[in-house]
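Report on one structure; see the data block that follows.
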Amino acid sequence: MIELIPAIGRYVRQWVDSLGSHAQFAARIGAAALRPPFRPRRSVEAMYDSGVLSVVIICVSGFAVGMVLGLLFYLSLSRFGSQEVLGAIVGIALVRELAPVFTALLVTGRAGSAVTAEIGTMVVTEELDGLRMLSIDPVHFVVLPKSMALLFVMPILTAFFALFGIAGAYVAGCIVLGVDGGTFVTSLIDAVDFENDIMGCFLKSVIFGSLLGLVATYRGYHCEPTSRGVSSATTQTVVVASVSVLIFDYFITALWGF
Amino acid sequence: MNSSKKLDWFVGIFVLLGLGAMATLSISIGGATYSGKGGLTLYATFDEIGGLKDRAPVLIAGVKVGLVESIHLSEDYRAKVRMDVDDTLVLPFDSSASIRTAGLLGDQFIHIELGAEEEALKAGEEFAYTEDALVIESLIGKLVHNLGIEKDE
Amino acid sequence: MRATKLPAMDSMPTADNSASVTLQNVSLSFGERLVFQDLDCIFHAGEISVLAGPSGCGKSSLLRLLGGLLQPQSGGIQVSGQEVVGVKKQSLRQIRKQVGMMFQNGALLSSMSIFENLALPLREQREMDEEGIRKKVSNQLVSVGLGDAEELLPGQLSGGMVKRAALARALISDPEILLCDEPFSGLDPVSVRRIEELLVGLNQDRGMTILLTSHHVPSTRRMADHVVFLIDGGAVIGTPEELMEHPDERVSSFWEELRSYVPSATARGGASPSSAAQSGVVAQGGAE
């Protein structure tokens, strides 16, 4: 029982330490972003890896989630005879919550883990040390383009997810279950407004994107130089990024929603 | 070299489609560009605004011509509503503003009833005549009260 | 970080003008594990030194210390007369211009072609135009026998080719000192000979100072002016011949593999015995 207290203390200290070094790493990335040369080539490659290659999974998942929502809300709403607000409910749910959160979780699994694994492997194969010996800052050359790519790609993929989700709900609600298409679209457009819903959606996705960009590169960069180190760093990225996305989501919703 | 060209194309298309998707969400679904043409700021003071909110529409004959910008409490504790209206409109200065409800329980909006005078309202001026929001509870209360009086008699 | 006070260069009994790399009282540990304790060591300019010793004795760590990739807990390290320990990024940059490092597995960037890998440091230095870079990289690749591998990715090369590409990249900025981490590991005897010839050639033609870590006994025997045998946190230094006769059995048994045959011809022509004998006395193992 008495050992528990120092154990808690140690855990909290480690947690605060890691928070601090994340912040330090973020500052290093920020400083690197302002320092020339700028590397369009590396950024394009990184955006291809985390953006273009994630499009399919995002669109398919968005469509599937939208169809489920359409079905589920139709069943609940038809009890009260108010199927005409299906578009509104689906739109709000997707735009405000599901699109940014789902996209962040999917991109974490699809691209964030890949970024960690790639940087971690570069630690193992001494590629980062090789760059240092050539007087090239690995944060500037490797970390910066990858974290920025994750940040930029997130709102774009979120928009894809939301649109495909709405299309999925339309298919399930209007084509399969027979809600009037015009009513669906009108109630959707009436309910979703720009300043609260769409801006909130993009604000979330930008915050999630920078969070993931930081966590994924941090874990890779500080990975232990063994193959076990790489695999545990990759797992850590998925766990830490997913949990912090969900926690941040609550706070953003609470602060932005009122 | 060839494969990096291909990469450029993919990323370019990705970004353009993405911007398109964001614009669709913002404009078609979010209605970011309404406001049509604003430019004319007008005020109206009410005793009771019910559930009127910022960004509620301002209608003439059911056509949207502007929106509510802000709602404040005035010095004499009444609700002062500031609205932004299409500045090509010529509204007679004896026009009236009333708060109405879409359907029985829908959102509230401001309806402008045109007056007859030739002189127009200018930017920053206030409607001379206003009609408060109907609050359903007080309406029912009145009804019950009146019914009660009728019975008594 | 605690840095011990450093005596001036000329007051060091063993330091002379030909010292290219000097380590003084260097202590390094990873957590609980002590790697070096008060290690003193000198590597002379224009010589080939081989770092040997059992696995985990800190051979690679020593190279990483010299490149500034690791910082010791205490002590001083001078490379070409410039301090490496605890200095600013800018001076580390200056030092690294004079130090080329060839990593064990090449450490080439896997997403770039061999040509781009070599061109990268030149592009970053921004001192040359595209034409000059192209020429220099091509020449460098031809000199290590990779003239036709320019557009290949590192993953498409064989082990020996990766080592040569890594060597070419280490040499691209014309360093004075070359650090090689296990340049012979995982290679067939022909490739070993090839790398050996390249290194010896660099040493003889350009007078380059070369430090390499190796488990490869025959090539150590052939190339080394000195061997630095790392053991118990300190170093035993001498010519291959001296260390073969070293009283400590752990040191002499390193050469066991060689006892069976006598090398017919050394790869290097004239390792002058006098210089080797003279420098053989420098050995100072700290923790013994």
Side-chain angles (χ1 to χ4, degrees), chain A residues 40-56 58-59 62 82 85 87-88 90-92 94-96 99-100 103 149 152-167 185-202 205-206, chain B residues 1-38 51-59 62-64 66-71 82-84 100-110:
Chain A
R41 179 86 266 131
R42 304 274 308 161
S43 310
V44 166
E45 279 169 12
M47 279 185 71
Y48 180 83
D49 288 343
S50 15
V52 177
L53 296 181
S54 308
V55 167
V56 174
I58 291 293
C59 294
S82 37
V85 295
V90 165
I92 298 261
L94 270 172
V95 169
R96 292 195 68 141
T103 308
F152 280 121
V153 142
M154 199 66 93
I156 293 179
L157 291 175
T158 303
F160 282 140
F161 189 101
L163 285 182
F164 273 78
I166 288 167
V185 173
T186 319
S187 81
L188 170 74
I189 292 178
D190 269 359
V192 179
D193 80 57
F194 179 74
E195 268 172 35
N196 285 310
D197 302 330
I198 308 274
M199 285 301 281
C201 168
F202 288 136
S205 66
V206 166
Chain B
M1 288 297 118
N2 201 8
S3 74
S4 81
K5 262 270 167 52
K6 221 160 75 187
L7 220 76
D8 288 348
W9 273 98
F10 275 129
V11 174
I13 292 169
F14 168 75
V15 170
L16 286 181
L17 279 181
L19 291 179
M22 289 164 78
T24 312
L25 267 186
S26 308
I27 297 165
S28 312
I29 294 177
T33 50
Y34 177 75
S35 71
K37 280 187 63 187
L52 189 73
K53 293 195 182 74
D54 284 4
R55 297 178 52 78
V58 177
L59 307 183
V63 178
K64 189 171 178 182
L67 44 81
V68 172
E69 272 192 338
S70 62
I71 301 169
R82 177 191 161 116
M83 51 195 125
D84 187 35
R100 294 192 178 173
T101 306
L104 195 58
L105 297 166
D107 281 344
Q108 280 172 312
F109 61 92
I110 291 186

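Small disclaimer: the values here were computed from a predicted structure and weren't measured. Lettering follows sequence order; numbering is per chain, from 1.
In this structure, chain B has a heavy atom under 4.5 Å from the side chain of A:V55, while its backbone stays farther away. Proximity to chain B is absent for every atom of A:P40, based on heavy atoms less than 4.5 angstrom apart. In this structure, chain A has heavy atoms under 4.5 Å from both the backbone and the side chain of B:L17.
Inter-residue side-chain proximity for A:F202 and B:L25 is flagged as met; some heavy-atom pair is nearer than 4.5 Å. Looking only at side-chain heavy atoms (C-beta outward), B:D8 and A:E45 stay at 4.5 Å or farther from each other.
Listed by chain and residue number, nothing satisfies the ring-ring contact (aromatic ring centres under 6.0 Å, His included) test with A:F164 (two or more places apart in sequence, or in another chain). Remark: A:Y48 engages B:F10 in a ring-ring contact (aromatic ring centres under 6.0 Å, His included) (not counting sequence neighbours).
Considering CZ of B:F14 and CG of A:L53, their distance stands at 9.5 Å, rounded to 0.5 Å. Distance check, rounded to the nearest 0.5 Å: CE of B:M22 to SG of A:C201 gives 8.5 Å.
Of all the listed residues (A:P155, A:A159, A:G91), the one sharing the greatest number of non-hydrogen pairs under 4.5 Å with chain B is A:A159.
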